[in-house]
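What follows is a short report on a single structure.
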Protein chains: 2
Amino acid sequence: MNLKQLAEALSLSQTTVSRALNGYPEVSEETRKRVEETARRLGYAPNSQARRLATGRSMAIGHVIPVSLHEMMNPVFMEFIAGAGQTYARFGYDMILTVVPDAQVGAAYREIAVRKKADAVMIHGPRLDDHRHEILQELKIPFLIHGRIPGRENDLSWIDMNNGSAFETATDLLLDLGHRRIALLNGLEDMDFAARRRRGFERAHAHRNLTADPALMRQADMTEPYGASSAHALLDLPEPPTAFLVSSMITAIGVSRAISERGLKMGRDVSVITHDDALSFLPNTGDKPIFTCTRSSVRYAGERAAELLIDQVMPHPDKPVHEYLKAELIIGHSTGPAPKA
Amino acid sequence: MNLKQLAEALSLSQTTVSRALNGYPEVSEETRKRVEETARRLGYAPNSQARRLATGRSMAIGHVIPVSLHEMMNPVFMEFIAGAGQTYARFGYDMILTVVPDAQVGAAYREIAVRKKADAVMIHGPRLDDHRHEILQELKIPFLIHGRIPGRENDLSWIDMNNGSAFETATDLLLDLGHRRIALLNGLEDMDFAARRRRGFERAHAHRNLTADPALMRQADMTEPYGASSAHALLDLPEPPTAFLVSSMITAIGVSRAISERGLKMGRDVSVITHDDALSFLPNTGDKPIFTCTRSSVRYAGERAAELLIDQVMPHPDKPVHEYLKAELIIGHSTGPAPKA
DNA sequence: CGAAGAATTCAAAGCGGTTTGGATCAAGCG
DNA sequence: CGCTTGATCCAAACCGCTTTGAATTCTTCG
């Protein structure tokens with residue numbers, strides 16, 4: 001069932017039928033009703049390839065996710081994509097997802113742009129020395145960054161959470177509780193979000209004329225074992241930390257495991273604050289959640305990001321947009337006053 | 001830069017250029033070289049919408065993932081998709097991902113089929129009373145199931161792991177270790193995989209003329225808190241279990257937390273076996289992994305599934321294909337002999 | 001040398017929509 | 001009544017590619 005057949009069945013021209021279905025004014029209400037009714041009855045829906053070819057708009061947004069050494073980003077990427085996907089579905093956009101090795105992401109974007117597979121693309125997990133935006137600018141395809149690229153905050157579109165200030169606030173909380181040796185288990189600091197978190201951590205110290213001990217700061221892919229083994233190692237130090245600030249719930253779970261493996265109690269003997277991306281499979285909720293955390297829903301970020309990007313593609317080529325999501329600080333069971341020395 | 005312009009630049013017809021680029025034999029090696037070289041130089045790549053329209057093949061595979069109450073399936077879905085995506089990229093297929101509320105998955109599949117958005121689709125997480133395959137058969141679009149639909153094992157294509165026998169083996173291990181009160185923390189048993197796991201669990205008991213105690217079997221969305229609270233509740237019983245068989249690492253982490261919260265030691269006081277989907281962010285590896293587990297990489301399943309589906313779409317409409325993945329049983333630190341009563 | 005056959009190349013017809021530039025027709029008006 | 005106007009509807013061009021069927025050129029061989 002294609003447009004031609006439908007038009008024949010209605011004894012109308014393709015033009016009229018097309019217009020009727022697309023809501024153009026130059027068709028009488030009466031025939032519009034008739035067209036819509038028979039279209040529905042015959043189960044007609046326009047072939048999307050044909051429509052795309054004719055309109056020049058692909059009605060799709062591309063996401064390229066690098067499958068790299070940093071496997072850890074996956075659950076976050078994926079939750080973001082789930083959020084974005086819902087928005088796309090609501091607006092009639094398709095999401096095309098490309099999963100390629102790190103080295104091929106440039107090529108993947110190029111492919112999308114030059115073959116016109118999508119009207120816009122999303123950039124995930126920007127690094128400090130990221131260059132994807134340059135490729136995309138050269139290709140003249142609209143894009144939005146989940147995160148920020150240092151130095152390009154003003155002229156590119158992005159959505160991000162307040163990584164720096166969230167971690168500064170969290171550190172403040174720990175300092176207020178009397179902790180003076182605080183460990184930071186960060187993500188890889190060549191990622192922009194991790195670099196910001198680290199600066200926030202250091203800022204909080206600096207404001208009190210303290211300096212964070214570099215021996216207590218670590219960075220790695222945010223796995224559970226990373227949390228456990230780091231916590232063990234740090235707690236073995238002559239002067240162990242009394243608190244941990246952790247970049248991911250998953251790593252925090254590892255920390256919590258290490259703490260109990262040593263017969264200590266989290267929240268009493270050792271405090272832990274983690275960032276919580278609100279991953280659906282790791283709820284840290286309830287009256288008083290397990291982990292004190294800075295929370296910002298990455299799924300919600302996905303939803304908003306998709307809206308912003310669709311907006312950007314709509315026929316009014318706008319200025320760059322920015323959206324700044326504030327993580328909330330939530331007190332759970334895992335923090336308490338620093339133990340007396 | 002489109003085909004016409006490229007043809008003009010070469011003083012050739014579109015036909016010849018098209019054929020040269022697509023490897024047809026009726027074009028001289030010499031001009032083929034020339035065409036390829038200038039195409040590369042001018043950065044030409046065929047518009048995919050146009051090509052799709054002309055060929056009638058969309059070179060895309062659709063995945064519809066329901067965002068439902070069962071949020072928990074997400075990390076597994078997503079890991080599967082990451083695997084599948086890599087395969088698609090390798091074969092030049094696009095993946096289009098649709099994220100919709102449970103109630104709209106039928107409509108989403110219909111949309112894909114009737115607008116010709118994809119050449120085939122994947123079914124995720126089949127239920128016992130699943131009907132998606134009927135919609136897809138009616139729409140005459142090839143599909144493959146990740147999992148199985150009961151009663152339709154022979155005439156539909158699927159890829160699945162040995163849920164039943166893996167859990168039977170795991171249960172056997174625990175029974176061999178002397179455990180007689182074994183708890184099962186399963187996923188929701190209206191999902192086919194969970195129903196099979198339960199049957200495997202019961203089969204192992206039956207083979208020794210034992211019956212599994214229904215009071216020790218639970219099912220729910222596989223979150224971390226589900227594991228922790230269930231473990232606490234069960235260990236509070238007058239006759240608590242000495243071992244847990246768990247359907248997901250994430251839930252098992254909750255169990256492990258509950259065990260240590262009670263001052264018990266996993267592997268000594270309480271044994272735990274979990275199924276391990278080999279999620280990239282939850283490595284349970286090493287010489288002797290934390291959890292004894294049945295392991296089957298869902299990412300690998302995704303890779304294979306994509307290959308099977310692409311095969312199915314290639315111009316030789318085949319019989320249904322099945323692939324049966326065997327989970328391996330891996331001994332970790334979390335299991336040991338049952339404590340003396 | 002001329003014709004048959006192979007090797008190349010091309011013009012044009014789709015693929016299934018959207019959109020431009022009229023046509024057609026009834027109503028409105030001086 | 002003739003002409004303008006607005007409301008509808010339509011034929012045909014176009015989007016950028018593939019593919020059919022035929023034309024052209026080059027070899028080969030009696």
Side-chain angles (χ1 to χ4, degrees), chain A residues 1-36 38-39 42-60 92 94 111-119 314-315, chain B residues 1-36 38-39 42-60 92 94 111-119 314-315:
Chain A
M1 171 94 305
N2 59 20
L3 183 60
K4 191 164 166 192
Q5 295 164 3
L6 177 60
E8 264 164 25
L10 283 158
S11 306
L12 282 174
S13 75
Q14 297 190 29
T15 309
T16 309
V17 176
S18 171
R19 296 206 145 137
L21 293 175
N22 291 319
Y24 281 66
E26 54 267 272
V27 46
S28 74
E29 253 341 284
E30 180 191 5
T31 59
R32 184 194 305 283
K33 284 285 161 255
R34 196 161 67 90
V35 169
E36 282 174 349
T38 34
L42 299 179
Y44 168 78
N47 177 307
S48 45
Q49 326 298 352
R51 185 204 282 254
R52 286 165 175 172
L53 178 57
T55 60
R57 305 182 56 201
S58 70
M59 292 300 284
D94 286 342
E111 194 84 342
I112 289 176
V114 71
R115 314 184 93 109
K116 304 270 166 29
K117 288 187 176 179
D119 297 327
M314 294 276 189
Chain B
M1 170 94 304
N2 58 22
L3 184 59
K4 192 165 166 190
Q5 294 164 2
L6 177 60
E8 265 164 24
L10 282 158
S11 307
L12 281 175
S13 74
Q14 296 191 29
T15 311
T16 308
V17 176
S18 170
R19 296 207 146 137
L21 293 175
N22 290 318
Y24 282 67
E26 52 268 88
V27 46
S28 74
E29 253 342 283
E30 180 192 3
T31 60
R32 185 193 307 281
K33 285 287 160 256
R34 195 161 67 91
V35 169
E36 283 174 346
T38 32
L42 299 180
Y44 167 78
N47 177 307
S48 46
Q49 327 297 354
R51 183 203 281 253
R52 286 165 174 170
L53 179 57
T55 60
R57 305 183 56 202
S58 71
M59 292 300 284
D94 286 343
E111 194 84 341
I112 289 177
V114 71
R115 312 184 95 111
K116 304 269 166 32
K117 288 186 176 179
D119 297 327
M314 293 277 188

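No hydrogens, no waters, no symmetry mates; every other heavy atom, side chains included, goes into these values. Numbers restart at 1 for each chain; the letters A, B, ... are given by sequence-line order, proteins then strands. Keep in mind that what you see is a predicted model, and the values were worked out from it rather than measured.
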Using every non-hydrogen atom in the two residues, find where A9(B) and L42(B) come nearest and quote the distance to one decimal. CB-CD1, 4.3 Å
Atom CG of L10(A) to atom P of dC10(D): distance rounded to whole Å? 10 Å
Base dT18(C) paired with T15(A) side chain (donor-acceptor, <3.5 Å): no
Residue that, paired with Y44(A), satisfies side-chain contact (heavy atoms from CB on, under 4.5 Å) out of M1(A), Q5(A), E36(A): M1(A)
According to a strict under-4.0 Å criterion, is N47(B) in side-chain N/O contact with OP1 or OP2 of dG16(D)? no
Assert: residue with more 5' nearest nucleotide on DNA chain C, out of L12(B) and N2(A), is L12(B)
dC10(D), OP1 or OP2 - any side-chain N/O from Y24(A) closer than 4.0 Å? no
Interatomic distance, L3(B) CG vs dC10(C) P [rounded to whole Å]: 12 Å
Length of the line joining L53(B):CG and dC14(D):P, which is rounded to integer Å: 17 Å
Rounded to the nearest Å, what distance is computed from the CZ atom of residue R52(A) to the P atom of nucleotide dG16(D)? 16 Å
Does T16(A) make a side-chain N or O approach to OP1 or OP2 of dC10(D) shorter than 4.0 Å? yes
CZ of R115(B) versus P of dG17(C): gap in Å, rounded? 10 Å
Sub-4.5 Å side-chain heavy-atom contact between R115(B) and R51(A): yes
Using a strict 4.0 Å threshold on nitrogen-to-oxygen distance, state whether R52(A) and D94(A) make a salt bridge. yes
With a 4.5 Å cut-off on side-chain heavy atoms, are L10(A) and V35(A) touching? yes
Name the closest nucleotide to the E26(B) side chain, picking from dT8(C), dC15(C), dC9(D). dT8(C)
So, does Q49(A) use its side chain to make a donor-acceptor pair with the main chain of S58(B) at under 3.5 Å? no
For E26(B), enumerate each residue passing the side-chain contact (heavy atoms from CB on, under 4.5 Å) test, keeping only those at least two apart in sequence or located in another chain. R19(B), Y24(B)
Residue S13(A), side-chain heavy atoms: nucleotide from dA11(D), dG17(C), dT19(C) that is nearest: dA11(D)
Note: contacts of residues 27-34 of chain A with DNA chain C (heavy atom, under 4.0 Å) are none
The side chain of A50(B) lies closest to which of these nucleotides: dG16(C), dT18(D), dC17(D)? dC17(D)
Of the candidate nucleotides dT18(D), dT18(C), dG16(D), which contains the atom at the shortest distance from the side chain of N22(B)? dT18(D)
Between S18(A) and dG17(C), is there a contact of a side-chain N or O with OP1 or OP2 at under 4.0 Å? no
